[in-house]
Amino acid sequence: MSSMPAGDGAAGRSDGRGESSDERADRNWDEMMQELRVMQTGTQILTGFLLAVAFQPLFQELTESQRVLYILLVLLAATATILALAPVGMHRVLFGKRRKTELVRAANRIVKANLVVIAAVTVGVTMLIIDVTFARTFALIAGGAGILAIVCLWVLWPLFLRRRR
């Protein structure tokens, strides 16, 4: 995403690009679509992995808590897919209606929500794999480390860079 998506304070502020608000909305939309392509690829890989797990012979040996985590992860992966496709569906409905700035604002919120869902799926899949193959204690440690890495790289580091500017 652009550091200043349309509608989040960028509307009246010039960033030296010399673009109109429509051009800014178009640029922000294009950048967001690139991000969604990356998100969608990662989500498809995780979803494919999760769907294949249920058909493996060892699936029957999962504990009840592992199965609950598995079902939760499948539901989160489906949610991530729906969220990643929502801006495209919204664009189809609003196409040609001159509502790009509004679309970018709404899609920006959806992409942020999807990052949270993808973070949960990523950490959860890691925990499930480590729990099944090694031990629950190490799965919990890996989950905590994953959450810490995500918070540092996806939240704290960008906030630090934004303040430096």
Side-chain angles (χ1 to χ4, degrees), residues 1-8 28-95 99-162:
M1 261 172 309
S2 165
S3 62
M4 291 192 290
D8 283 11
N28 285 337
W29 178 256
D30 289 342
E31 290 178 15
M32 195 172 315
M33 288 300 100
Q34 287 296 91
E35 292 172 0
L36 284 168
R37 285 182 187 99
V38 172
M39 292 172 92
Q40 204 169 20
T41 301
T43 302
Q44 287 172 336
I45 291 168
L46 282 172
T47 303
F49 161 76
L50 285 168
L51 295 177
V53 167
F55 299 101
Q56 301 303 313
L58 294 178
F59 184 77
Q60 298 304 319
E61 296 178 24
L62 294 180
T63 66
E64 185 174 336
S65 63
Q66 290 169 337
R67 285 181 195 224
V68 168
L69 178 58
Y70 171 78
I71 293 300
L72 177 64
L73 292 170
V74 169
L75 293 172
L76 285 171
T79 300
T81 300
I82 291 166
L83 288 171
L85 294 174
V88 177
M90 291 168 55
H91 183 263
R92 284 294 91 209
V93 171
L94 296 174
F95 185 76
R99 310 231 347 235
K100 182 73 69 79
T101 300
E102 186 179 353
L103 176 63
V104 169
R105 254 188 250 125
N108 182 49
R109 290 183 187 110
I110 290 170
V111 168
K112 288 177 181 179
N114 201 22
L115 282 170
V116 173
V117 174
I118 289 171
V121 173
T122 303
V123 170
V125 166
T126 302
M127 290 177 64
L128 179 63
I129 291 169
I130 293 173
D131 188 27
V132 169
T133 60
F134 203 59
R136 176 141 315 143
T137 302
F138 292 110
L140 293 171
I141 292 168
I147 291 169
L148 182 62
I150 287 167
V151 168
C152 287
L153 294 172
W154 295 8
V155 179
L156 298 178
W157 185 252
L159 287 174
F160 171 76
L161 291 176
R162 189 167 80 180

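Predicted model only: the values in this text are computed from it and were never measured.
- T43 places none of its side-chain heavy atoms less than 4.5 Å from the side chain of V121.
- Between P87 and L36, the closest side-chain pair of non-hydrogen atoms falls below 4.5 Å.
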*Could you go step by step and tell me if M39 and L115 meet the side-chain contact (heavy atoms from CB on, under 4.5 Å) rule?*
CA-CA 8 Å; M39 292 172 92; L115 282 170; 3.9 Å; yes
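- Of all non-hydrogen atoms in M32 and A107, the two that sit nearest each other are SD-CB, 3.3 Å.
- For the pair I130 and A142, the tightest heavy-atom approach, listed with the atom from each and the gap, is CD1-CB, 3.4 Å.
- Seen from the ring of F95, R92 counts as a face-on cation partner, given the 6.0 Å and 45° thresholds.
- T133 contributes atom OG1, which lies 11.5 Å from atom CG of L58 (distance to the nearest 0.5 angstrom).
- Here the OG1-CD distance, from T81 to Q40, works out to 7.5 Å after rounding to the nearest 0.5 Å.
- Residues V125 and L73 come closest through the heavy atom pair N-CD1, 3.7 Å.
- The shortest distance between side-chain heavy atoms of E61 and V132 does not fall below 4.5 Å.
- Residues L50 and A77 share a closest heavy-atom pair of CD1-CB, 4.0 Å.
- Applying the 6.0 Å contact sphere to CH2 of W154 captures more than 12 heavy atoms from other residues, nucleotides or ligands.
- A distance of 10.0 Å separates CG of L75 from OH of Y70, quoted to the nearest 0.5 Å.
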*Can Q34 and R37 be said to form a side-chain hydrogen bond (donor to acceptor under 3.5 Å, both in side chains), step by step?*
CA-CA 5 Å; Q34 287 296 91; R37 285 182 187 99; 2.3 Å; yes
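- At a threshold of 4.5 Å between non-hydrogen side-chain atoms, the residues R136 and Q66 count as touching.
- Listed for the R67 side chain is a donor-acceptor partner under 3.5 Å among the backbone atoms of Q60.
- Applying the 6.0 Å contact sphere to CD of Q56 captures more than 12 heavy atoms from other residues, nucleotides or ligands.
- Other residues, nucleotides and ligands place more than 12 heavy atoms under 6.0 Å from the CZ atom of F59.
- The two residues V155 and P158 have their closest heavy-atom pair at O-CD, 3.3 Å.
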_Test side-chain contact (heavy atoms from CB on, under 4.5 Å) on L76 and L72; report intermediate values, then the result._
CA-CA 6 Å; L76 285 171; L72 177 64; 4.1 Å; yes
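- Taking CG from N108 and CG from N28, the interatomic distance works out to 8.5 Å, rounded to the nearest 0.5 Å.
- Using a 4.5 Å heavy-atom threshold, the side chains of V104 and E31 count as separate.
- Rounding to the nearest 0.5 Å places OG1 of T101 at 11.0 Å from CZ of R99.
- Taking the six-membered ring where tryptophan is involved, the planes of H91 and W29 are essentially parallel, since the angle between them stays under 30° and well short of 60°.
- For T126 against T122, the heavy-atom pair with the smallest separation is OG1-O, 2.9 Å.
- Expressed to the nearest 0.5 Å, how far CG of L140 lies from CG of D131 amounts to 7.5 Å.
- Residues I141 and T137 meet the side-chain proximity criterion, which asks for heavy atoms closer than 4.5 Å.
- You'll find the side chain of I110 reaches within 4.5 Å of the side chain of M90, heavy atoms only.
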